[in-house]
2 protein chains.
Amino acid sequence: MLPNPDEKLDPRVKRTRGLILRSFEDLLAEKNFETISVQDVTDTAQINRATFYAHFQDKYALLDYSISQMFKQEIEKRTLNACHYTPDNLRNLILAVCEFLGRIHTSCAQPHQQFESLVETQIKQQIFGLLSHWLEQSKSKVPSEIPATVATWAIYGLASLYSHTKKRPALEKFVDEALPLVAVNLEQFA
Amino acid sequence: MLPNPDEKLDPRVKRTRGLILRSFEDLLAEKNFETISVQDVTDTAQINRATFYAHFQDKYALLDYSISQMFKQEIEKRTLNACHYTPDNLRNLILAVCEFLGRIHTSCAQPHQQFESLVETQIKQQIFGLLSHWLEQSKSKVPSEIPATVATWAIYGLASLYSHTKKRPALEKFVDEALPLVAVNLEQFA
DNA sequence: TTGGATGTGTTGACTAAGCAACAAAGGAGA
DNA sequence: TCTCCTTTGTTGCTTAGTCAACACATCCAA
């Protein structure tokens, strides 16, 4: 739906980016983001360090890209990118964000402030883009920026709460309880 | 032991060869060798067809290389490349060849004449090289070419018999019964 | 027989990846 | 403070991989 810019790419580029991404995600599982050097990534990816810089400005850009790719996959898996606003789709989106963030917090070694804030920025950007896309398809011509922003922050906040909870409650139950509070501001787009 | 020519290689070369080999071995598990085209290999390896020809003359050369690499790994796994002639090492070698050939015959789709003969040539070359290496370390200065040849063919023959047997007997028992017939010609090198 | 479809092997021009070397910026410790 | 060491970005040159196009061989069916 949203334009897919990866198809017509030089195979060498696809391969290299894939290697970098895979290595980075593997490394994130063992060490925390701050202690991962570009060297570490290129060593485990078995590519040259200079090649890394041909693709990413630095490791922060890599993190941004990595997070957004993973999240995009999560969304595509649930085909949330090819639909419009309904309470049920919203419910699935909240579920997706909770699970995604939950997975990050269990599979990445001790997340740190900087790491978390970069993740937050990326994910919120994606949620906002998706919601805007949904709302603009509605017959209602109400401007969507403000409702989409409110919903985006609310959703991320819920997922953050969920993923930081030590003993996580049953996800479905959690989402069903929270859903109405988010949906109330979007009813006009249903 | 035998010189290891792969270490100081351009990383791109290692990667490309690895991709080609893996794809080829995967394809061998599904289709028989004759029906695998160079195109098939490069497609699944996600490399350009021209790149294939920069590494291998044709698919027959690839088969040779693939078989010899797999066999070399089998030998290295058992550290048979770093030892000398003893009846026990010989026993392990026979075991290795039987298992290797057995694995090929179960994991590769319907082997054909051409395929089998290419495999045979490669494996015998490797066995012969290894045996020569062993025998030439012996104190006895007896020429080793003839005994090594006899043993090589005998070993391959045994493994071939074993791997073509429908209901394979217990491997250990099979080898213990055959071992003396091969060892008798090598006693002088012990 | 002809023609389309498919595979082979090769070529030359272009582009990405590798490499070694560099300056510069921190960090840790004596 | 000074030095030693590691990491960061960057650069110019070399080499490997990509691409499109080519001529040629098979094969099979119209």
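Chain letters run A, B, ... following the sequence lines, proteins first and then strands; every chain starts at 1. Bear in mind that the values here come from a model prediction, so they are computed numbers and not experimental data. Heavy atoms only: backbone and side chains are in, while hydrogens, waters and symmetry mates are out.
Of the inter-residue distances, the one linking R17(B) atom CZ with L19(B) atom CG reads 12.5 Å to the nearest 0.5 angstrom.
The distance between atom NZ of K14(A) and atom P of dA16(C), rounded to the nearest whole Å, is 14 Å. When the P atom of dT8(C) is taken as reference, atom CG of D58(B) falls 10 Å away, rounded to whole Å. Look at CG on L62(B): it is 12 Å from P on dG9(C), rounded to the nearest Å. Taking atom CZ on R17(A) and atom P on dA17(C), their separation rounds to 9 Å, with Å as the unit. Between the CZ atom of F52(A) and the C1' atom of dT8(D) there is a distance of 11 Å, rounded to whole Å. Rounded to an integer number of Å, the gap from L19(B) CG to dA16(D) C1' is 13 Å. For the pair I20(A) CD1 and dA17(C) C1', the interatomic distance rounds to 11 Å; values are reported in whole Å. Rounded to whole Å, atom C1' of dC19(D) lies 15 Å from atom CG of L9(A).
For R49(B), the listed nucleotide lying nearest its side chain is dG9(C); candidates were dT8(D), dG18(C), dG9(C). Picking from dA17(C), dA16(D), dT10(D) the nucleotide with the shortest atom distance to the side chain of V13(B) gives dA16(D).
Between H55(A) and dA16(C), a side-chain N or O to OP1/OP2 separation shorter than 4.0 Å is absent. Using a 4.0 Å cut-off, some side-chain N or O of N48(A) falls inside it from OP1 or OP2 of dC19(C). Between Y53(A) and dT10(D) there is no side-chain polar atom (N or O) within less than 4.0 angstrom of OP1 or OP2.
The main-chain N or O of A61(B) is found under 3.5 Å from a side-chain atom of D58(B) such that the two form a donor-acceptor pair. Although no hydrogens or angles enter the test, the distance criterion places a donor-acceptor pair under 3.5 Å between the side chain of D40(A) and the main chain of S37(A). Of the possible donor and acceptor atoms, one in the side chain of N89(B) sits under 3.5 Å from a partner among the backbone N and O of H84(B).
Comparing A50(B) and Q39(B) by the nucleotide of DNA chain C that holds the closest heavy atom to each, the one mapping nearer the 5' end is Q39(B). Nearest-nucleotide positions on DNA chain D place K59(A) closer to the 5' end than the other of K59(A) and D10(A).
In the interface, the side chain of R12(B) is paired with the base of dA17(C) through a donor and an acceptor atom under 3.5 Å apart.
Within 4.0 Å of R15(B), counting heavy atoms only, lie sugar-phosphate atoms of the nucleic acid but no base atom. Nucleic acid contact class of S37(A) (heavy atoms, under 4.0 Å, all strands): sugar-phosphate only.
For the ring pair (Phe, Tyr, Trp, His ring centres under 6.0 Å) criterion with F100(A), the lone passing option out of F71(A), Y156(A), Y162(A) is F71(A).
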